[in-house]
Undergrad: 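Sharing a structure, written as structure tokens. Questions coming.
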Amino acid sequence: MNTLVVGSGFVGRALARHLTESGGRAVLGSRRPPLPHDSPRDGTAADWIPLDITEDGAFAGALKDTGADSVVLVHGPSDATWCEEHPDAALHGHAEAARQVARSAGGRRVVFISTDNVFDGTAVTPPDESAPTGPAGAYGRAKLAAEQILAGLPSVTVLRVSLIYGWEPADTPKWLNFFASCAHRLLAGEQVRAPVDQWTTPVLLDDVVDVTAALVTAARTPPPLLHLGGPDRISRADWAAVIARELGAPARLVVGEPRAHGRYAGRPASTCLAGGLLARHPATAGLTLTPVREGSRLLIDRHIRTPESGGRPRTATTAGSPDPHTPTAPTGPTTPRSSA
């Protein structure tokens, strides 16, 4: 399988590396080269080509140059706060990318990484694939527009994914994902403020990569719509407390607060997903999703505990200490690096 992965952010890099290490070929296409990282499932061993997918004809040219027979679209701004501040740019980034793929993909297998934000977050029960959409924010509206544009392709799967987490270095020049942000601050002995009333079903990056790769390489065409939510429904405050316990950090460093008091004020109350189709499709039926505590422990063991530390977490002098409420580096006045 020869896959063009459009987007070289958090998910795109990990997926391209996995596909390459599994014996396939993956080419990353994005406006900027991928950033190197030290994770065994982050960074990339894949080729990279410059690609602005919103430029008319650029995607068609990339398909020709790479000879790709499958496409994963994980492109576009994913910081919900930025999208609210720049709704037109967010819509253009996602919808125009989808239009270019719809025009040129033909019968190729296409997997589009979408979001739980296509729902308004008010449902008591996490929505499954049959639930009606109704995004409350600009990010969800942009993603839903892209979903609708791609729906006419003969071999497309929209994979809606709940909040993705994994390891990222402290100096990553974009918003850190929630796990990485909490871990860096807690290692530095700094306070983490998190909402007690904003709920999610977090998905470990490893699991997102495994599911996406299975869909790309499946012998049988996957369903047109699948939900990928983690096995735990948890508030951000409780999740931060789990991370603190696994790090051995003082519990007092995690401070729960109402969603309305912090940077999540504009987010839906519930960004959760449910769905049974993934477990029933032959390509993904054997995959097991990782619980939050187990995933947090795995990441801490893999990236923070070292042989030199005797199995104890590293301190802030080696692990870094970003502020989870501000970007770790300037992203510029326009589109930031995607956090997806």
Side-chain angles (χ1 to χ4, degrees), residues 6-7 9-12 31 52-56 59 72-103 110-153 156-164 174-175 177-178 195 198-201 203 208 224-229 259-260 262-275 331 333-340:
V6 182
F10 186 46
V11 176
R31 285 176 297 176
D52 181 353
I53 194 173
T54 63
E55 181 183 318
D56 193 35
F59 174 72
V72 176
L73 182 57
V74 62
H75 159 88
S78 59
D79 179 350
T81 302
W82 186 92
C83 290
E84 285 302 314
E85 295 169 352
H86 307 85
D88 293 339
L91 180 61
H92 175 77
H94 288 285
E96 187 56 36
R99 273 189 284 271
Q100 296 297 326
V101 173
R103 287 174 190 164
V110 175
V111 178
F112 173 54
I113 307 297
S114 192
T115 175
D116 47 33
N117 278 244
V118 299
F119 300 102
D120 64 12
T122 60
V124 176
T125 303
D128 64 13
E129 291 90 348
S130 67
T133 55
Y139 175 53
R141 288 191 292 272
K143 280 289 194 181
L144 184 59
E147 288 187 13
Q148 293 167 342
I149 291 166
L150 293 167
L153 287 173
V156 65
T157 296
V158 172
L159 180 64
R160 292 176 182 154
V161 185
S162 197
L163 187 64
I164 303 171
K174 67 168 194 63
W175 294 102
N177 73 82
F178 187 76
Q198 207 272 332
W199 299 83
T200 186
T201 44
V203 189
V208 178
L225 175 63
L226 289 169
H227 281 189
L228 175 55
R259 177 169 50 103
R263 70 176 295 256
Y264 300 99
R267 309 289 178 91
S270 176
T271 52
C272 301
L273 288 176
T331 56
T334 57
T335 306
R337 294 186 187 274
S338 171
S339 61

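We count residues from 1, following the sequence as given.
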Undergrad: How close do Pro135 and Gly140 get, heavy atom to heavy atom, and via which atoms?
TA: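 That closest heavy-atom pairing would be CB-C, 3.5 Å.
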Undergrad: Leu73 and Ile53: which non-hydrogen atoms are nearest, and at how many Å?
TA: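 It is CD1-CD1, 3.9 Å.
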Undergrad: Name all residues meeting the side chain to side chain donor-acceptor pair (under 3.5 Å) criterion together with Asp56; count only those two or more places apart in sequence or in a different chain, and write none if there are none.
TA: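 With neighbours one apart ignored, the set is Gln100, Arg103.
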Undergrad: So which atom in Pro87 and which in Ala138 form the shortest heavy-atom distance, rounded to 0.1 Å?
TA: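 That closest heavy-atom pairing would be CB-CB, 3.9 Å.
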Undergrad: Please enumerate all residues that pass side chain to side chain donor-acceptor pair (under 3.5 Å) together with Glu129, with sequence neighbours excluded.
TA: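 None.
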Undergrad: Please report the interatomic distance CD(Glu147) to CG(Leu159), rounded to the nearest 0.5 Å.
TA: 10.0 Å
Undergrad: Determine whether a donor-acceptor pair (N or O, by modelled atom type, separation under 3.5 Å) exists between the side chain of Thr54 and the backbone of Gly93.
TA: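 Not at all, since once roles are kept as given, no pair shorter than 3.5 Å links the two residues.
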Undergrad: Looking at OG1 of Thr115 and OH of Tyr139, how far apart are the two atoms once the value is rounded to the nearest 0.5 Å?
TA: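 Going from OG1 on Thr115 over to OH on Tyr139, the span is 4.0 Å.
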Undergrad: Using the side chain to side chain donor-acceptor pair (under 3.5 Å) criterion, which residues pair with Thr201? Sequence neighbours excluded.
TA: Ser162
Undergrad: Please round to the nearest 0.5 Å and tell me the distance separating atom CD of Gln148 and atom CG of Leu144.
TA: 4.0 Å
Undergrad: In Å and rounded to the nearest 0.5 Å, what is the CZ to CG distance from Arg160 to Leu228?
TA: 12.5 Å
Undergrad: Which pair of heavy atoms, one from Asp116 and one from Thr271, lies closest together, and at what distance?
TA: OD2-O, 3.0 Å
Undergrad: If we only count heavy atoms from C-beta on, is the Lys143 to Asn117 side-chain gap below 4.5 Å?
TA: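 No; the side chains remain at least 4.5 Å from each other.
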Undergrad: Partners of Arg259 by salt bridge (Lys or Arg N to Asp or Glu O under 4.0 Å), sequence neighbours excluded?
TA: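 Here no residue qualifies.
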Undergrad: Write down the atom of Arg141, the atom of Ala136, and the distance for their closest heavy-atom approach.
TA: NH1-O, 3.5 Å
Undergrad: Between the main-chain N or O of Pro268 and the side-chain N or O of Gln198, is there a donor-acceptor pair closer than 3.5 Å?
TA: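 The answer is yes, because a donor-acceptor pair under 3.5 Å joins these two groups.
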Undergrad: Please identify each residue that fulfils salt bridge (Lys or Arg N to Asp or Glu O under 4.0 Å) with Arg267, with sequence neighbours left out.
TA: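 Once residues adjacent in sequence are excluded, the partners of Arg267 under the salt bridge (Lys or Arg N to Asp or Glu O under 4.0 Å) criterion are Asp79.
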Undergrad: Can you check whether Pro77's main-chain N or O pairs, donor with acceptor, with His94's side chain at less than 3.5 Å?
TA: yes
Undergrad: What residues, two or more places apart in sequence or in another chain, satisfy ring-ring contact (aromatic ring centres under 6.0 Å, His included) together with Phe119?
TA: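 Once residues adjacent in sequence are excluded, the partners of Phe119 under the ring-ring contact (aromatic ring centres under 6.0 Å, His included) criterion are His227.
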Undergrad: Say you draw a straight line from CG of Leu273 to OG1 of Thr200; how long is it, rounded to the nearest 0.5 Å?
TA: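 One gets 8.0 Å once the value is rounded to the nearest 0.5 Å.
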Undergrad: Which heavy atom of Phe112 sits nearest to which heavy atom of Ala146, and what is that distance?
TA: CZ-CB, 3.6 Å
Undergrad: Between Ile149 and Val101, is any pair of side-chain heavy atoms under 4.5 Å apart?
TA: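 They are not in contact (no side-chain heavy atoms under 4.5 Å apart), so the answer is no.
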Undergrad: Look up atom CD1 in Ile113 and atom CD1 in Ile164, then write down how far apart they are to the nearest 0.5 Å.
TA: 7.0 Å
